[in-house]
2 protein chains.
Amino acid sequence: MEERKLGTMSQDTGRAPRGNARGELARVRLLEAALESFARKGFHGTSTRDIAEAAGMSPAAVYVHYPTKEQLLYELSRAGHHKVRSRMDDAVARHTEPADRLREVVREFAAWHARSQVQARVVQYEMAALDPGHAAEIAALRRDIETLMRRLLIDGHDAGVFRVDDPPMTALAILSLGIDVARWYRPGGEWSPERIGDQYARMALDLVHYAPKAPPSRRRSRSSGA
Amino acid sequence: MEERKLGTMSQDTGRAPRGNARGELARVRLLEAALESFARKGFHGTSTRDIAEAAGMSPAAVYVHYPTKEQLLYELSRAGHHKVRSRMDDAVARHTEPADRLREVVREFAAWHARSQVQARVVQYEMAALDPGHAAEIAALRRDIETLMRRLLIDGHDAGVFRVDDPPMTALAILSLGIDVARWYRPGGEWSPERIGDQYARMALDLVHYAPKAPPSRRRSRSSGA
DNA sequence: ACGGTTTCTAAGCGATCGCTTAGTTTCGGA
DNA sequence: TCCGAAACTAAGCGATCGCTTAGAAACCGT
């Protein structure tokens, strides 16, 4: 399966309130069909007839629910970006220590790109097909994500637990690790999303030279922080 | 600019020897036009008329030189993959120490994905549009690259200079770092391809916990390897 | 300077594209 | 039980797709 289903799509995009129930179901079926097809063949490689057929409808039925093919992509991209951002925000809120925050954020981020690989592919690799207005809105969400990651690194640096030469580039690199999972991951392989999340969280801590300082049980002592 | 130009494309793909000179120039112009368009709008988002226009020819002229649009993609993908692989092979050959090899290979790999971003985008993100036969050939090249990276990590581990929990996953992660550069890099930004190469090489060494062992100046002693 | 080959274009083929129109079926509330 | 709204389909519009055909122009070895 693919994580939680799309149903209801977090919040309305600001459009028509519509009838309900039956139409809502059709709308979700169309989103799911479009998602699968966009992920597999790309936005431009997918025809509206592909989507309609996968959703079990006639080609014209698509346009009862969505004004354009691009609107389907936009809603999928928007929902996916919101999902990722809120998962990261939640992970930050669950902890206070910079290292715990970074570990959990990266774990969530990388694991999501595996577990929801189909959605993640569309989120990460179909942005170029968005309308300019929609693209700008999505770009803002992506800036949030990048800003959050930079903030984590700087907080860890300021707390003296991370050592980072170039925080912006390191933030980008850590995000790259997670994003690229959507490209190579295949479900049913030897690595579970959770395993990937754990390993990638560890790697992120390696990249910031994290060295726990609190209880110096019987390890080497660190002479200074900076 | 975009690294070395495409001219002559390393070696023939096995097809017609053709006339020469004038046709060769037209063929290169078409490859360059297709490359730019595939990178910007994707294979399916590019029409043969786009390519012809960008190359300054009529739509029909494309088919004098290439039998299908997919053949253009295949030759670009093939040339790009060969380029990457040979750069990595050369970097390995220039050194003997595992750490030097890894550093140079990652440096080349990451810097190439920035410097030749247009080509790298097509190489990394348009594989799904290849014919099955062509895709299989390209997949073999990609396996070479992944195998080389794993080999480097295992050699470093065996030499006792790297510590790697999961070599296959770490190899994948290091490649991910470089590959994803093709997605986010924009020329003219604050980071040069060389800077990116240097930083990413450093990060790769962090991921394998590289600690130079030779002169144990006044550092902590490592008790054992495994 | 001529003949054969290569390169190129104008025109267009059938297929498919995103999307619309006109009209039918299905549904839930009064 | 009936009615207006919502959901749906059959058919098809004009545009564009990848690619082909027929024939004109440019080129090169002799």
Side-chain angles (χ1 to χ4, degrees), chain A residues 7-8 12 15-35 37-38 40-76 126 128-132 134, chain B residues 7-8 12 15-35 37-38 40-76 126 128-132 134:
Chain A
T8 299
D12 246 26
R15 51 195 48 269
R18 309 280 201 155
N20 238 343
R22 188 156 72 104
E24 185 59 30
L25 210 146
R27 247 160 274 143
V28 171
R29 262 194 300 150
L30 284 166
L31 281 175
E32 284 170 348
L35 179 67
S37 199
F38 290 164
R40 193 161 42 83
K41 305 189 294 181
F43 178 80
H44 292 297
T46 297
S47 72
T48 56
R49 285 165 180 82
D50 289 337
I51 297 168
E53 190 181 13
M57 304 179 190
S58 74
V62 175
Y63 293 90
V64 172
H65 302 288
Y66 297 94
T68 62
K69 184 174 80 158
E70 191 270 349
Q71 183 73 25
L72 280 159
L73 174 64
Y74 164 62
E75 297 199 9
L76 289 168
E126 298 300 328
L130 290 167
D131 282 356
H134 290 159
Chain B
T8 300
D12 245 26
R15 51 194 49 270
R18 308 277 202 159
N20 239 341
R22 190 154 73 104
E24 186 58 30
L25 209 148
R27 249 161 271 143
V28 171
R29 263 194 300 151
L30 285 166
L31 282 175
E32 284 171 348
L35 179 66
S37 199
F38 291 164
R40 193 159 43 83
K41 306 190 292 181
F43 179 79
H44 292 298
T46 298
S47 72
T48 56
R49 286 165 179 82
D50 289 338
I51 297 168
E53 190 181 12
M57 304 180 191
S58 74
V62 174
Y63 293 90
V64 173
H65 303 287
Y66 297 96
T68 62
K69 184 174 80 158
E70 192 270 349
Q71 183 73 26
L72 280 158
L73 174 64
Y74 164 62
E75 297 198 8
L76 289 168
E126 299 299 327
L130 289 167
D131 282 355
H134 290 158

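A, B, ... follow the sequence lines: proteins, then strands. Residue 1 opens every chain. Hydrogens, waters and symmetry mates play no part in the numbers below; they use all other heavy atoms, side chains included.
In this structure, CG in A/L76 is found 6.5 Å from CG in A/L72, a value given to the nearest 0.5 Å. Atom CG of B/L25 sits about 10.0 Å away from atom NE2 of B/H65, to the nearest 0.5 Å. B/Y63 OH to B/K69 NZ: the interatomic distance, rounded to the nearest 0.5 Å, is 8.0 Å.
In the helix from C/dA1-D/dT30 to C/dA30-D/dT1, the rotation axis of the first five pairs and that of the last five pairs differ in direction by 20°, rounded to 10 degrees.
The backbone N or O of B/L73 lies less than 3.5 Å from no partner atom in the side chain of B/E126, so there is not a single donor-acceptor pair.
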Quiz prompt | Per-nucleotide protein contact string for nucleotides 16-22 of chain C, where B marks a base within reach and S marks sugar-phosphate only (heavy atoms under 4.0 Å, - for neither) | solution = -BBBBB-
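Per the geometry, CD belonging to A/E53 stands 17 Å off P belonging to D/dC8, to the nearest Å. Atoms CD (A/E24) and C1' (D/dA5) sit 17 Å apart, rounded to a whole Å. A/M57 has its CE atom 14 Å from the P atom of D/dA10, to the nearest Å. The distance between atom CZ of B/R27 and atom C1' of C/dC8, rounded to the nearest whole Å, is 13 Å.
In this structure the side chain of A/T68 never reaches within 4.5 angstrom of the side chain of A/Y74, judged on heavy atoms.
A salt bridge links A/E24 to A/R27: at least one charged side-chain nitrogen sits closer than 4.0 Å to a carboxylate oxygen.
Judged as a side-chain contact (heavy atoms from CB on, under 4.5 Å), and not counting sequence neighbours, the contacts of A/A33 are A/I51, A/A54, A/A55. Checked against side chain to side chain donor-acceptor pair (under 3.5 Å), A/S37 has the following partners two or more places apart in sequence or in another chain: A/T46. Residues passing the side-chain contact (heavy atoms from CB on, under 4.5 Å) test with A/A61, sequence neighbours excluded: A/M57, A/S58. Remark: B/E53 engages no residue in a side chain to side chain donor-acceptor pair (under 3.5 Å) (not counting sequence neighbours). With sequence neighbours left out, the side-chain contact (heavy atoms from CB on, under 4.5 Å) criterion links A/R49 to A/S47, A/P59.
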Please list each protein N or O that sits under 3.5 Å from an N or O in nucleotides 24-29 of chain C, with the distance.
none

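Look at B/H65 and you'll find a side-chain N or O under 4.0 angstrom from OP1 or OP2 of C/dC8.
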